[in-house]
Amino acid sequence: MEEFETKTKLTGTVTDITFYNDTNGYTVFCVDTGDEELTVVGNTADVRIGDRVEIVGEYTYHSIYGRQFKAETCNATLPETVDDLYHYLASGIVKGIRESTAMKIIDKFGEKTFDILQYEPERLAEIKGISLEKAKKIGKEYNRQCSTRALIINLSKYGLKTNECLMAFDKLGNGAVELIEENPYILCEGENRFSFERAEQIANMLPNKPKSQYRVEAGILYVISYNFRNGHTCIPLEKLFSPSCDLLDETKENIEIAIDNLQTNRKIIITKINDRDFVFLPEAYHAEKGIANRIKVLLKFPPENPIDVESHIDYLEKTCDIKYAEKQKEAIVTAVNRGVLVLTGGPGTGKTTTLNGIITMFEKDKLDIALCAPTGRAAQRMTEATGRKATTIHRLLEVEWDSSDKPVFKRNLRNPLDCQAVIVDEMSMVDIFLFESLMKALPFGCRLIMVGDSDQLPSVNAGNVLKDLIDCKMLPVVQLKEIFRQSLESNIVKNAHLIVNGEKIATDYKDGDFYMLQRNFPLDAVRTVKDLYTRRLKDAYNFDPLTQIQVLCPSKKGDTGTMNLNKILQDEINPASPEKSEYNTGFRVFRTGDKVMQTKNNYNIHWESYDEEGDGIFNGDIGFIESIDLRRDAIVIDFSGRRATYTKEQLTEIELAYAVTVHKSQGSEFDAVIIPVISVNSRLCYRNLLYTAVTRAKKLLILVGTTGCVYNMIDNCKTQLRYSALRHFMLDND
């Protein structure tokens, strides 16, 4: 053993592998160093029994498993002798070869086996039981494994971890080392891109400094990507210079030259919108352009043989004791006759009644209908509201994986949906890529009904789809504004409409479903939120804190942010005890029984329910930890009947959900909602965030904080600016 830049370096032979996660390469295995046999853990993909390995990392102590070695890098050296080669092949690392086949190959070719596998693999067919096709496959796999391992060995000296080397190999192929040594910033491009900061670290370790052009172009792409991750599909060209100059410490002239190069190489697209140049990443440009083109086709070819909607509406009103308002009738007629409709409106305006009327008309016309929403909870709400099965858009489009294990949709232009009408709820949450995929999957002549509240927050991911479609004024849009009498009895509904209109709300209600509890200091607000969540609402209304009450916070940070409140509420609702298993990540603790939320789309997580199974747990899905088995590395989470097993590494995508941000609550409804409104960050102190939070409550809404903060949010109608171009492409005649 020797010290290596304050880390410990070990060499030894892999004797056993106890766990391997094929999603991220996390491995637990045993290594015989000659002095001892110890357990090694880390993202060390491609390690096999029998490998000679060099590992750099540090010793750690696990409270259950004891002394371990945490690997930062792990390089399996290539076999050098015939004996090494036999163990290498017998380990099963090369598909198609196990112990008996490995022995036959070594017996047949001896020292020449290395050359046979690399240069003449077809000669393996000389061995009984190996066909020519299988021989070629073995040779191809052997050479791929050798290339991968050689690449890991060569790149680890530049600080790349094993999983990063594998990403580089997938991205760049056999020439990855040469390409990275010339231009490490190439890792910032395409799928599974490295961060600009990571590429900078690698560049600083190279023996020769890369061309400044590579760095400048990568930095500009980083600035554009940063804005893209914040929801913008494009950025005004003039706004690109200042952050790029600051990041790169370069002159504006050099930035201009690099932008020209990026445009020439089609790594960015620049187009003029209202006499102003906007810069796009190509994927965002083509997504918005594609949406516009598909919608124009839908508008150009309305459905044939429209039914006599008016008479059907009259019949429906008489038989079902319903009286539709004029705007509701207009929506139903438009949906049937025009085939494309945007239906929007706030709470209490009759969207659900109108939607059910549209569905009934489609059913009378014997149309096959697909109901969908962007999240599982939104789809569940749609099912409850309509009495018909609704699914997520991802499941409707039948998500699957390509050869690179990336999610793709089975339903597309070549394999469209088997339906004649698609109804999408919670359209404000739909981003450009998901909507483009849906548009591609619509069959010719299919009706498209989009339902949502345009005053809510836009999608978490890039785009402003619903607002752009309304603002372009090219689609039929029906906005429901009339609040129905029964809804007027709700102060939640009344105040929601006052908020969205920029009017002051009443905060001194003594009874009803809307309350404001004045607290002038954050810590007082925290104590009140805790008391409401754990005791008062249960005593007064018999609400279950875990399933019926939700705390919604404008921010993650601060005394009244989700991070602090989740810890406080967890300790009250689900405290530690000897009877509960728990897992400590270092900055948060998960216990059996915890309420949790998935924070990103993960198409790989398998789930099972009592009558079906599938893949995919998505951003915003809320569940409960059913069990934690650290020895089996299994954490079972129940998402409304869908039981999914997580590894410890996958828990990075899970957060406690006693308190969640308003953004994460989109598409959900809760019986009771508590909102801390005090010391809200100025960037989050705006009207439609408060409106979105208030409209999540079905039966009870309680604001805790200061009326001054509430009124500041109402007065600030400047929603977070989001640059997008869908409206422009809809109006563009090119």
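Predicted model only: the values in this text are computed from it and were never measured.
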Between [X] and [Y], is there a donor-acceptor pair closer than 3.5 Å when you use the side chain of the first and the backbone of the second?
{"X": "T383", "Y": "A390", "result": "yes"}
{"X": "Y711", "Y": "I505", "result": "yes"}
{"X": "Q456", "Y": "G667", "result": "no"}
{"X": "E398", "Y": "K410", "result": "no"}
{"X": "N491", "Y": "Y515", "result": "no"}
{"X": "N501", "Y": "H497", "result": "yes"}
{"X": "R276", "Y": "N274", "result": "no"}
{"X": "E288", "Y": "L726", "result": "yes"}

Please evaluate residues D425 and K351 with respect to the criterion salt bridge (Lys or Arg N to Asp or Glu O under 4.0 Å), reporting the C-alpha separation (whole Å), side-chain torsions for both, the decisive distance (0.1 Å), and the verdict.
CA-CA 10 Å; D425 199 9; K351 285 201 306 292; over 6 Å; no
For L397 and A441 the tightest heavy-atom approach is CD2-CB, 3.6 Å
Could you tell me the separation between the [atom1] atom of [X] and the [atom2] atom of [Y], rounded to the nearest 0.5 Å?
{"X": "Y324", "Y": "I332", "atom1": "OH", "atom2": "CD1", "answer": "4.5 Å"}
{"X": "L448", "Y": "R294", "atom1": "CG", "atom2": "CZ", "answer": "10.5 Å"}
{"X": "D513", "Y": "I492", "atom1": "CG", "atom2": "CD1", "answer": "4.0 Å"}

Result for side-chain hydrogen bond (donor to acceptor under 3.5 Å, both in side chains) between K664 and one of T562, T599, N619 points to N619
Any non-hydrogen side-chain atom of L434 less than 4.5 Å from a side-chain atom of F409?
yes
Should R727 and N464 count as side-chain neighbours, where that means a heavy-atom distance under 4.5 Å?
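They are not in contact (no side-chain heavy atoms under 4.5 Å apart), so the answer is no.
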Checklist entry - Under 6.0 Å between the ring centres of F280 and Y723? => result no
Exercise. Compute the centroid of each ring, for F278 and then for F729, and state whether the two points are separated by less than 6.0 Å.
Key: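 No, the ring of F278 stays outside the 6.0 Å limit from the ring of F729, centre to centre.
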Practice item. Decide yes or no on side-chain hydrogen bond (donor to acceptor under 3.5 Å, both in side chains) for D453 and Y691, but give the supporting numbers first. Key: CA-CA 11 Å; D453 186 344; Y691 172 76; 2.4 Å; yes
- Item | The single option from I359, L355, L396 passing side-chain contact (heavy atoms from CB on, under 4.5 Å) against L371 |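 Answer to the side-chain contact (heavy atoms from CB on, under 4.5 Å) test with L371 among I359, L355, L396: I359.
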task = Check I702, D544, N542 against L537 for a side-chain contact (heavy atoms from CB on, under 4.5 Å) and give me the one that passes.
result =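 For L537, the side-chain contact (heavy atoms from CB on, under 4.5 Å) test succeeds with only one of I702, D544, N542, which is I702.
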**Q.** Heavy atoms from other residues, nucleotides or ligands near NZ of K329 exceed 12 (cutoff 6.0 Å)
**A.**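 Yes, the 6.0 Å shell around NZ holds more than 12 heavy atoms from other groups.
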Pair S724, D468 - check side-chain hydrogen bond (donor to acceptor under 3.5 Å, both in side chains), show working. CA-CA 8 Å; S724 61; D468 282 349; 2.7 Å; yes
Electrostatic pair [X]-[Y], nearest N-O below 4.0 angstrom:
{"X": "D715", "Y": "K504", "value": "yes"}
{"X": "R395", "Y": "E612", "value": "yes"}
{"X": "K698", "Y": "D671", "value": "yes"}

> Where do Y533 and F670 land on the ring-ring contact (aromatic ring centres under 6.0 Å, His included) test, with the steps shown first?
Replying inline: CA-CA 13 Å; Y533 188 89; F670 312 95; over 10 Å; no
- Task: Tell me, with the steps shown, if R687 and D455 meet salt bridge (Lys or Arg N to Asp or Glu O under 4.0 Å).
- Result: CA-CA 9 Å; R687 184 184 300 169; D455 292 313; over 6 Å; no
Of R696, R381, R377, the one forming a salt bridge (charged side-chain N to carboxylate O under 4.0 Å, His left out) with E669 is R381
Determine, stepwise, if the pair E653 / Q598 fulfils side-chain contact (heavy atoms from CB on, under 4.5 Å).
CA-CA 6 Å; E653 300 176 359; Q598 176 78 14; 2.9 Å; yes
